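Atom set for the values below is all heavy atoms of this structure, side chains included, hydrogens, waters and symmetry mates excluded. What you see is a predicted model, and the numbers here were worked out from it, not measured in a lab.
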Amino acid sequence: MARPNEVVAALLQEYADLISITGGDAFKVRSYERAARAVAGYHADVSALDVDGLKQIPNVGASIAEKVLEFLHSGQVEAIEKLRATVPAGVRELTRIPTLGPRKAMTLFRELGVSSVPALAHALDDGRVARLKGFGPRTAENIAHGIELLRRGGGRVLISTAMAVAEEVVAAIAAVPGCADCAYAGSLRRMRDTIGDVDILAAARDSAPLMAAFTRLPQVAEVIAHGHTKSSVRTIAGLQVDLRVVAPEVWGAALLYFTGSKPHNIRVREIAVRHGLKLSEYGLFRVSEEEDDTLVVAETEQEVYEKLGLPWIPPPLREDRGEIEAALAGELPDLVAGADIRGDLHTHTDLTDGVSTLAEMVATARARGYRYYAVTDHAKDMPMQRMTDEKMLAQRAALRAMDAGRMALLHGTELNIDPDGGVDWDADFLAGFDLCVAAVHSHFHQSREQMTRRLVRACENPYVTIIGHPTTRQIGRREPVDFDADAVFRAAARTGTAMEINSYPDRLDLNDELVLRARRYGVKFAIDTDSHATVHLDFLRYGVGTAQRGWLSRDEVINAWPLARLRRFITANRS
DNA sequence: GCCGTTTTCGGCCCGACTGTTTTCAGTCG
């Protein structure tokens with residue numbers, strides 16, 4: 001079951017969409033969108049709040065608080081039901097089609113009675129759409145194309161997929177003569193777990209050569225837009241990539257703009273307005289009635305933030321989830337960074353389902369400059385892994401005999417949490433490991449109560465130091481398991497069990513939102529790669545990005561600690 | 001509908017590109 005906050009947030013977002021489609025006040029739309037976001041990210045369960053409690057949520061005032069209460073009491077909101085009655089749900093679906101927004105969707109419904117994607121496809125086929133006032137052959141074509149994209153998945157890709165494309169494009173554009181600077185921005189720079197499109201920013205006096213090179217890249221299947229300062233393409237793999245070219249002296253303002261998020265940008269621009277300034281991708285300007293606006297700063301992000309009375313805000317925080325308020329109060333977290341990570345605590349070898357040998361994994365870890373490294377192959381309860389006590393002990397002997405220089409080697413295992421919350425071995429055998437990760441690998445559809453009890457019991461096992469990939473989600477393939485996250489996080493904090501941030505790009509588990517919730521209970525975290533091959537150790541960057549999005553500092557991440565402190569954390573659990 | 005170092009009313013981010021248009025609406029980020 002979804003958390004009440006998510007249900008309420010979805011409802012508020014739906015209301016915002018319905019107001020937008022029916023041509024309501026755009027500012028009202030934004031109010032509901034903001035409230036939806038604030039509710040989704042709010043730490044307390046909204047179903048336990050009264051009016052005053054609800055109004056404590058940013059962007060929730062008397063009117064929205066009352067609607068939330070109405071929903072919690074009766075299961076519906078009259079105002080929303082009224083709009084639902086005038087606009088079929090299918091019309092809202094239409095706005096998911098790229099290039100088709102609320103105004104056109106409403107026109108299609110009002111003029112043609114279209115209220116579903118198939119009905120729209122019909123209307124396109126027989127030419128009714130192109131004959132509508134304000135529409136035309138090109139618009140009809142674009143909508144048809146948009147439907148096709150939506151059908152092909154149209155969705156988001158893993159961060160690793162987007163990163164590979166971005167790094168290729170950045171390298172290609174940076175190599176064009178006249179390019180002063182080039183970087184990726186957008187949700188990729190903010191390190192979101194999935195990416196909708198790739199945003200690239202470049203600095204140059206003359207944009208034309210860069211735009212030409214961009215639209216002719218071998219990966220390009222289709223040019224969506226081609227202008228002087230902005231072009232968009234779609235790659236053969238279906239990913240949209242936008243290139244924005246600005247003058248080198250406005251790099252910072254453009255990078256800030258192009259990094260987003262959109263809600264963050266709006267908040268920052270509002271602060272500018274209150275200072276009598278105007279912020280756009282071309283810089284921070286002092287607004288003047290008589291003459292042209294004068295440029296204040298634009299060259300670096302730091303300068304722009306500083307002129308607005310803000311410290312530089314790291315991109316992973318830029319989601320309008322309280323970072324503006326924290327920045328104004330001088331309370332931004334000192335985020336954990338990749339360089340802070342002293343070792344990986346969840347990795348595999350070819351003894352179980354890995355493809356690299358113990359020696360290869362250790363050598364690669366050592367080359368990364370780690371101070372410690374844990375090998376945690378699967379334990380004996382997963383039959384497909386064919387693990388035995390003897391094989392595990394032999395691996396331990398081999399590990400102990402290795403010389404990894406200044407890097408300490410830890411012998412661990414990834415235990416399987418059985419349906420009742422037990423693990424593969426008894427205390428005597430577990431005591432022989434330096435470290436145990438425990439994770440769910442089966443029985444994903446237990447009831448919420450069973451799954452909660454299962455994970456709490458695993459936390460209570462004195463030999464379990466880390467809960468691996470706690471929700472077991474696989475992005476785009478498997479939903480997270482259902483459990484009472486607050487209960488599990490309370491147990492983790494109480495028992496001194498770390499929650500993993502699994503860096504594998506299709507997991508990123510915990511995700512940023514759960515990290516934010518867990519840290520409120522004082523939970524500690526381990527940022528691991530769950531590597532099954534040497535190349536996977538590089539996935540750490542995505543786990544670090546997720547941790548940063550969860551506002552984590554070095555002190556909250558056990559594998560950013562010196563080995564002695566990590567060992568104390570492990571043994572404190574066991575005594 | 002929310003909000004306040006121009007406060008309880010009157011604001012509310014800003015610009016690029018496209019398509020259907022003779023000056024702008026819609027969409028996107």
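For A/Glu556, the salt bridge (Lys or Arg N to Asp or Glu O under 4.0 Å) partners at least two apart in sequence or on another chain are A/Arg519. When the ring pair (Phe, Tyr, Trp, His ring centres under 6.0 Å) test is applied to A/His536, the partners found at least two apart in sequence or on another chain are A/Tyr504, A/Phe539. By the ring pair (Phe, Tyr, Trp, His ring centres under 6.0 Å) test, A/Tyr32 is found to be paired with A/Tyr15, residues two or more places apart in sequence or in another chain being considered. Judged as a side-chain hydrogen bond (donor to acceptor under 3.5 Å, both in side chains), and not counting sequence neighbours, the contacts of A/Tyr257 are A/Arg244. Residues forming a ring pair (Phe, Tyr, Trp, His ring centres under 6.0 Å) with A/Phe489 (at least two apart in sequence, or on another chain): none.
Rounded to a whole Å, the NE2 atom of A/His228 is 10 Å from the P atom of B/dT18.
Proximity note for A/Lys104 (side chain, C-beta onward) versus B/dG29, B/dT20, B/dG26: the nearest is B/dG26.
If you check residues 107-120 of chain A against DNA chain B, you find no residue with a heavy atom closer than 4.0 Å. The stretch residues 44-70 of chain A comes close to DNA chain B through A/Pro58, A/Asn59, A/Val60, A/Gly61, A/Ala62, A/Ser63, A/Ile64, A/Lys67, each having a heavy atom under 4.0 Å from the strand.
Using a distance-only test at 3.5 Å, with no hydrogens or angles considered, no donor-acceptor pair links the side chain of A/Asp181 to the main chain of A/Ala203.
Sorted by first and then second residue, the pairs that involve residues 95-120 of chain A and meet salt bridge (Lys or Arg N to Asp or Glu O under 4.0 Å), not counting sequence neighbours, are A/Glu93-A/Arg96. Within the structure, ring pair (Phe, Tyr, Trp, His ring centres under 6.0 Å) contacts touching residues 175-226 of chain A (residues at least two apart or in different chains) do not occur. A salt bridge (Lys or Arg N to Asp or Glu O under 4.0 Å) check over residues 193-202 of chain A, counting only residues at least two apart or in different chains, returns the pairs A/Asp193-A/Arg473. Legend: salt bridge (Lys or Arg N to Asp or Glu O under 4.0 Å) pairs involving residues 204-218 of chain A, not counting sequence neighbours, sorted by first then second residue: A/Arg205-A/Glu249.
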Can you give me the N/O atom pairs linking the protein to nucleotides 13-15 of chain B at distances under 3.5 Å, or say none if there are none?
from, atom 1, to, atom 2, distance (Å)
B/dC13, OP1, A/Arg30, NH1, 2.4
B/dC13, OP1, A/Arg30, NH2, 3.4
B/dC13, OP2, A/Arg30, NH1, 2.8
B/dC13, OP2, A/Arg30, NH2, 2.5
B/dC13, OP2, A/Glu270, OE2, 2.6
B/dC13, O2, A/Arg269, NH1, 2.6
B/dC14, O4', A/Arg269, NH1, 2.9
B/dC14, O2, A/Arg269, NH1, 3.4
B/dG15, OP1, A/Lys278, NZ, 3.2

